[in-house]
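The shown structure was predicted, so the numbers you read here are calculated from the model rather than taken from an experiment.
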Number of protein chains: 2
Amino acid sequence: MLNRSAARRHHDPEDVITATIRDVAAAAGVSPATVSRAFGRPEKVDESTRRRIVEAAERLGYQPNRAAQSLTTGRTGNIGIMVPDLANPFFTSVLKGAQHQANRLGHPVLLADTEEDPSAELRFSRALAQQVDGLVLCGSLMSDDEVLQISRLRPLVLVNRQVPKLPAITVDNAGGARQAVTHLRALGHRRIGYVAGPPGSYSNAERYQAVSEHAEGAGLECVPVGHFEPSFEGGRGAADQVLLAGVSAVVVYNDVMALGLVNQLVAYGVAVPAEISVVGFDDIPIAAMFTPALTTVRIPREQAGGAAVAHLHALLTGGRPVPPPDLTTELVVRGTTARSR
Amino acid sequence: MLNRSAARRHHDPEDVITATIRDVAAAAGVSPATVSRAFGRPEKVDESTRRRIVEAAERLGYQPNRAAQSLTTGRTGNIGIMVPDLANPFFTSVLKGAQHQANRLGHPVLLADTEEDPSAELRFSRALAQQVDGLVLCGSLMSDDEVLQISRLRPLVLVNRQVPKLPAITVDNAGGARQAVTHLRALGHRRIGYVAGPPGSYSNAERYQAVSEHAEGAGLECVPVGHFEPSFEGGRGAADQVLLAGVSAVVVYNDVMALGLVNQLVAYGVAVPAEISVVGFDDIPIAAMFTPALTTVRIPREQAGGAAVAHLHALLTGGRPVPPPDLTTELVVRGTTARSR
DNA sequence: CTGTTAGCGCTTTCAT
DNA sequence: ATGAAAGCGCTAACAG
């Protein structure tokens with residue numbers, strides 16, 4: 001006999017009839033407890049009865065009710081992922097990797113787009129915390145304190161951001177910066193610029209510092225250029241200052257900006273890479289589509305998302321796994337860099 | 001007295017202690033039922049006691065347990081959104097719009113990326129159905145029958161796809177096609193091509209049909225060109241056939257392809273738009289970033305996502321709202337179209 | 001307007 | 001190896 005659930009009685013009379021654990025128990029001639037065990041701890045159930053139960057469950061189309069499970073176990077099996085902007089290809093890549101891994105691990109994903117609003121971030125975290133076992137926070141803009149606060153609600157893994165004591169998936173920005181600088185040095189550039197993204201950005205700071213260190217360590221001059229919005233328009237806006245800086249090459253905070261910069265430079269009639277070489281960061285898909293195609297430091301975005309989820313999963317099931325090391329970058333040389341004249 | 005929940009006892013001893021409805025009831029000197037009402041149907045509770053309850057709840061940091069709510073009501077308050085590919089900017093735009101609207105309406109969002117796999121689509125729908133009150137299916141690749149099957153599990157709204165009897169948010173592809181053709185006609189083109197996307201695509205079929213109808217209705221010749229992958233590479237691959245078709249202008253299934261086509265044409269030394277005009281569909285952000293910038297038919301992607309969620313919400317709360325009309329398109333004239341020579 | 005009561009479906013002691 | 005029973009936190013009749 002199939003149930004008439006609360007849902008059925010009160011709200012959704014045409015809801016599909018769902019078998020409960022009792023229906024299965026009755027059909028298999030066992031108690032509900034045994035059915036529960038048959039799925040949750042199969043080893044504690046006699047193989048033959050287990051088979052009988054599974055068969056009955058299948059016949060009835062039984063699916064455990066997740067709300068009931070959550071209520072009794074206190075776990076939901078879900079994970080939450082928060083990103084600052086779904087329109088940003090960087091974050092959607094991370095999301096895609098995370099989603100993929102979550103899927104493999106059997107965790108449904110609750111998504112939140114904070115639209116770059118730190119206060120929304122706090123609200124969402126609180127709201128999500130209730131229905132997830134853990135959280136992945138991408139490029140969070142909250143203060144360290146706020147993040148810490150959230151981390152007391154649920155286990156959490158950061159991506160592209162660090163907060164003392166909290167697990168984080170990070171990228172070897174310093175290594176990437178070194179790769180970019182070495183490349184430019186090999187091409188004979190002696191004075192390079194770093195076109196900066198938003199002042200508050202963690203990765204921007206890392207990249208700038210590493211570029212300038214490596215440049216100076218190698219006897220190059222390194223000129224900081226502005227802070228700009230991390231957008232195509234922001235990159236275009238940087239063109240004037242790049243020209244003023246008197247450099248033969250620049251490393252740009254990210255690809256979107258680098259593309260905007262190249263676009264504006266070309267519009268000015270400045271030859272890229274003949275007059276100025278440009279290196280981006282990220283290797284977003286469109287970097288390869290432009291003409292000239294962008295030389296850039298690839299960062300493994302999907303991998304980062306996947307690693308974050310994998311680590312969270314480990315946190316949730318095991319104990320305190322070692323956090324994975326920095327993800328390594330790779331220099332992709334394309335058409336926006338050339339020998340210095 | 002705060003509770004020691006199942007979660008606390010069995011799985012997560014350091015979980016934050018959470019107040020239950022009984023704690024609030026005790027603190028406010030009322031019964032749990034009254035607390036429940038105070039939040040769910042405030043009008044059925046005396047204003048002064050309601051205030052007392054709210055105050056107590058705040059003091060205790062009470063948040064209703066969603067699992068328990070779901071279990072009793074049969075509703076989760078969540079909605080599910082399924083997209084074929086998170087790496088595709090078209091779908092992330094729809095997702096962003098959907099997410100935004102869901103947020104306004106107070107629905108947490110469960111996300112699934114099917115990675116273009118119809119069977120995954122079916123699996124996900126089934127899995128999600130359990131934890132959501134309704135679903136938004138974007139560009140679903142399932143068969144009509146399968147979609148219908150899912151729709152029996154939960155209310156659902158389609159985006160960019162139609163299945164008889166099911167609510168769908170669609171775009172006025174015919175109108176967009178007409179805008180493109182009219183534009184090309186005004187520029188003096190007499191023989192135009194339509195570069196087709198995947199054979200199975202619903203919107204591709206609509207667009208092709210409308211382009212050819214309007215072209216012929218206006219006395220233009222319309223040449224179908226191939227079927228290609230709806231990707232940058234696919235568009236590049238179309239270049240040869242476009243050249244062979246002997247047309248002075250083409251309408252392309254979508255922007256990504258159009259951009260690829262232009263890229264290859266330019267690589268061949270074919271002048272765009274001087275020799276061939278190109279019109280895309282979608283107006284994805286990068287369309288404006290390329291040089292020359294792409295002339296395209298804008299389709300309101302975020303709006304579509306938002307409308308889908310709004311409609312689903314109406315379905316969930318009200319009765320049978322009228323489905324919104326086709327979303328209108330807009331021709332964005334940029335640099336890839338010019339007068340026919 | 002408010003309290004009492006009875007579950008929602010599941011998991012988990014505790015017996016057997 | 002299995003069953004009986006209790007209870008997770010909440011809502012919704014039903015009384016009063």
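- Of the two residues contacting DNA chain D, namely B:Arg37 and B:Gln63, the nearest-nucleotide position lying further toward the 5' end is that of B:Gln63.
- A:Asp145 and A:Ser143 share no donor-acceptor pair across their side chains, judged by distance under 3.5 Å alone.
- For the pair A:Arg41 CZ and D:dA1 C1', the interatomic distance rounds to 14 Å; values are reported in whole Å.
- Within the structure, a side-chain polar atom (N or O) of A:Gln69 is placed less than 4.0 Å from OP1 or OP2 of C:dT11.
- Within the nucleic acid shown, B:Glu43 comes within 4.0 Å of sugar-phosphate atoms alone, with no base atom in reach, counting heavy atoms only.
- At a threshold of 4.0 angstrom between heavy atoms, the contacts of A:Thr49 are confined to the sugar-phosphate backbone, with no base atom among them.
- Looking only at atom types and distance, the side chain of B:Thr170 has no donor-acceptor partner in the side chain of B:Gln162 under 3.5 Å away.
- Between B:Ala68 and B:Asp46, the residue anchored closer to the 5' end of DNA chain C is B:Asp46, taking for each the nucleotide with the nearest heavy atom.
- For the pair A:Arg22 CZ and C:dC10 P, the interatomic distance rounds to 10 Å; values are reported in whole Å.
- Side-chain atoms of B:Arg66 stay outside donor-acceptor range of the base of D:dG9, with no qualifying N/O pair under 3.5 Å.
- A salt bridge links A:Glu47 and A:Arg50; the closest N-O separation between the charged side-chain nitrogens and carboxylate oxygens is under 4.0 Å.
- Counting non-hydrogen atoms under 4.0 angstrom, B:Val30 reaches the backbone sugars and phosphates but no base.
- In terms of the ring-ring contact (aromatic ring centres under 6.0 Å, His included) criterion, residue partners of B:His107 (sequence neighbours excluded) are, by chain and number, B:His313.
- Among the nucleotides D:dA12, D:dC10, C:dG9, the one closest to the side chain of B:Ile21 is D:dC10.
- The phosphate of D:dT11 has neither OP1 nor OP2 within less than 4.0 Å of any side-chain N or O from B:Thr73.
- With rounding to whole Å, A:Asn65 atom CG is found 17 Å from D:dC10 atom P.
- Ranking C:dT12, D:dG3, D:dT11 by closeness to the B:Ser36 side chain, first place goes to D:dT11.
- Closest to the side chain of A:Ala33, out of C:dT2, D:dA12, D:dA5, is D:dA5.
- Distance A:Arg75 CZ to C:dT12 C1': 12 Å, rounded to the nearest Å.
- Among the protein residues, A:Phe39 comes within range of no part of the nucleic acid, since none of its heavy atoms lies under 4.0 Å from any strand.
- In this structure, A:Tyr62 atom OH and C:dG9 atom C1' are separated by 8 Å, rounded to whole Å.
- Checking A:Asn103 against B:Glu115 by side-chain atom types alone, no donor-acceptor pair falls below 3.5 Å.
- One atom, NZ of A:Lys44, and another, C1' of C:dT13, lie 11 Å apart when rounded to the nearest Å.
- Each of D:dA12, C:dG3, C:dT11 was ranked by its minimum atom distance to the side chain of B:Ser31; first place goes to C:dG3.
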